Amino acid sequence: MQSKEKKEKEAHKFWNTQPVPQNESDVQEDGVIEHKEVSDIKQEPYKLPSDFEWYLVDINNEKDRTDVYTLLSQNYVEDSDAVFRFDYSPEFLQWALQPPGWKQDWHLGVRVASNKKIVAFISGIPANLSVHESKLHLVEINFLCVHKKLRSKRLAPVLIKEITRRVNLTGIFQAVYTAGVNLPTPISICRYFHRPLNPKKLCEVGFSQLPHNTTMASHIKKYKLDVSFLNLQPMQEGDVSQVTALLNEFLSQFEFHQVFSEEEVRHMMLPIKDVVFSYVAKDENDNVTDFTAFYSLPSSIARNPKHTHIHAAYLFYYAPKGLGKDQTRSRHLMNDTLILAKQANFDVVNCLGLSHNQQFLDELKFGKGDGYLHYYLYNYRCKTIQPEQMGLVML
Ligand code: MYA
């Protein structure tokens, strides 16, 4: 074995043991890695270190919701300087964790046995994906978090094994997940892009920098949005069926995409105050022609005298009239999405460089971010997906 490969193998003591491709050359064609039956799966939970216990979070219970919120708001994903940290709201978590088919068994916490404090969490929700030509019913894993004081004690592998066991017991053997970190082995790597709406504040908090030889006044002017093109209106219950059809048709152009039922669109796309924002354009016959949505994901800011949060809107799903073949229409839809996000008081719109997003990123003045999001599948080999073929957006 090459010494670099050997080092990498040793470097992933846990991921080495899991049904994931260990490197890109491991993926010649798509398919299941390990075939298992429910009867192969052990009935007893994995053991936690003594002093800790498993706890199924009741996300509809206010105390549990606040406890998970507190864990994540203090310990979840941060930038490398530990200045900005994701601050998903309690209402967001309640929405995100309960799409059709959700299970409390997959809202898995770890508590300190003595004082019942939640110190770690991982979650799964069901989803349907289309991957190249195959359909996969799987879980999306998200919100893995271990309290800062318990890091590097190999608790994360126990959480991952236990959620895997619980999911496997329901007959599901694949999962999709995303992470900032590079693990064995990404199926796709997508860059983050940021579109300032409140450029002055973004400079004040150190999220962006005023370019050399530029005044703040001209910087602000650069990002002004004035003309809107489509008469976008908040999506309503009566739009669910048409949005489902339009969105699924748009997504079916990509090699890797989520497939939505009407119930899922109803849950995931209808507006919820301060959580998810979605809009439709309609023609003269009241038919939906375009759809766009973003969700609210603020980041807290450490040590800033003036601001506590960046209010970020994350571009979620959209589907333009003409399914993106008319690039001008896509740009108009996204221009209007930016205007709506600005009206809703967001400081920035973030998105990934996936699906058709390249059609509007430059023209609408999105800047390249430093971060990349890695997409992974568990127990399924999948040939590399180029970002412009990626049609899955996670929360
Ligand atoms: S991504 C968001 C992850 N959360 C954060 O980044 C929040 C801040 N960080 C933390 O809370 C901790 O640092 C975490 C690790 C919890 C991330 N995904 O316990 P350890 C591996 C997968 O000593 P800690 C999201 O939520 C690492 O390579 N593995 O480490 C999706 C090492 O393994 P190996 C990760 O720092 C999650 C091992 O953990 C990640 O105390 C998808 C070290 O463990 C990561 N983001 O805790 C999970 N980070 O030695 C997989 C580190 O082999 C789901 N590690 O390199 C798989 C599918 C399961 C279901 C299957 C059903 C069929």
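Numbering of ligands and ligand atoms starts at 1, following listing order. The model shown is predicted, which means the values in this text are computed figures rather than measured ones.
Trp95 and His267 have parallel rings, their planes meeting at less than 30° on a 0 to 90° scale where 60° marks the start of perpendicular. Classification of the His107-Phe121 ring pair by plane angle, with boundaries at 30° and 60°, yields tilted.
Heavy-atom proximity to Asn142, at under 4.0 Å, picks out these atoms of ligand 1: 26 (O). Every atom of ligand 1 is numbered from 1 in the order shown, and the set under 4.0 Å from a heavy atom of Asn75 is 7 (C), 8 (C). The distance from ligand 1 to the heavy atoms of Ala175 drops below 4.0 Å at these ligand atoms: 58 (C), 60 (C), 61 (C), 62 (C). Against a heavy-atom cut-off of under 4.0 Å, Gln174 is close to the following atoms of ligand 1: 63 (C). If you number the atoms of ligand 1 from 1 as listed, the ones under 4.0 Å from a heavy atom of Phe14 come out as 33 (O), 34 (P), 50 (O), 53 (O). Each of the atoms 19 (O) of ligand 1 lies under 4.0 Å from some heavy atom of Leu155. Atom numbering of ligand 1 starts at 1 in the shown order; those under 4.0 Å from a heavy atom of Lys13 are 34 (P), 50 (O), 53 (O). Atoms of ligand 1 found under 4.0 Å from any heavy atom of Phe173 (numbered from 1 in listed order, with element): 63 (C).
Judged by the shortest distance from any of its heavy atoms, Thr178 lies inside the 4.0 Å radius around the atoms of ligand 1. Residue contacts with ligand 1: Pro184 is excluded, as none of its non-hydrogen atoms falls under 4.0 Å. Heavy atoms of Asn379 come nearer than 4.0 angstrom to ligand 1 in no pair at all.
If you check the side chains of Gln98 and Asn60, you find a donor sitting under 3.5 Å from an acceptor. Side chains of Thr215 and Ser218: a donor-acceptor N/O pair is present below 3.5 angstrom, by distance only. Asp87 and Tyr69 share a side-chain donor-acceptor pair at under 3.5 Å. Counting only N and O atoms by type, the side chains of Tyr372 and Asn182 include no donor and acceptor under 3.5 Å apart. Gln233 and Tyr279 share no donor-acceptor pair across their side chains, judged by distance under 3.5 Å alone. Side-chain atoms of Asn128 and His137 include a donor-acceptor pair closer than 3.5 Å.
Not a single N or O atom of Asn168, backbone or side chain, sits closer than 3.5 Å to an N or O atom of ligand 1. Inclusion of Ser152 in the set of residues having an N or O under 3.5 Å from an N or O of ligand 1 is warranted. Ligand 1 has a nitrogen or oxygen under 3.5 angstrom from a nitrogen or oxygen of Val146. No N or O atom of Thr164 sits closer than 3.5 Å to an N or O atom of ligand 1. Inclusion of Cys145 in the set of residues having an N or O under 3.5 Å from an N or O of ligand 1 is not warranted. Of the N or O atoms in Leu183, none lie within a sub-3.5 Å distance of an N or O in ligand 1. For ligand 1, the polar-atom distance check against Ala156 finds a nitrogen or oxygen pair separated by under 3.5 Å. At least one N or O atom of His12 sits closer than 3.5 Å to an N or O atom of ligand 1. Checked against a 3.5 angstrom limit, the closest N/O atoms of Val77 and ligand 1 fall outside it.
Among Leu150, Val181, Thr170, Val139, the residue whose heavy atom lies closest to atom 49 (N) of ligand 1 is Val181.
Salt bridge status for Lys116 with Asp67: absent, with no side-chain N to carboxylate O gap under 4.0 Å. A salt bridge links Glu162 with Arg165: at least one charged nitrogen is closer than 4.0 Å to a carboxylate oxygen. Between Lys321 and Asp290 there is no salt bridge, since none of the side-chain N atoms of the basic residue sits less than 4.0 Å from a carboxylate O of the acidic one. Salt bridge absent: Asp26 and Arg381 never bring a charged side-chain N and a carboxylate O closer than 4.0 Å. Glu29 and Lys383 are not joined by a salt bridge, as no carboxylate oxygen comes within less than 4.0 angstrom of a charged side-chain nitrogen.
Contacts with ligand 1 closer than 4.0 Å are made by side-chain heavy atoms of Tyr378 only, the backbone lying farther away. With a 4.0 Å heavy-atom cut-off, ligand 1 is reached by the side chain of Val167 but not by its N, CA, C or O. Heavy atoms of Lys153 found under 4.0 angstrom from ligand 1 belong exclusively to the backbone. Under 4.0 Å from ligand 1, the heavy atoms of Ala11 that appear belong solely to its backbone. Counting heavy atoms under 4.0 Å from ligand 1, residue Tyr177 touches it through the side chain alone.
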Stepwise side chain to side chain contact (heavy atoms under 4.5 Å, CB included) check, Arg111 with Val119 = CA-CA 6 Å; Arg111 297 197 301 196; Val119 289; over 6 Å; no
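The main-chain N or O of His12 is found under 3.5 Å from a side-chain atom of Asn16 such that the two form a donor-acceptor pair.
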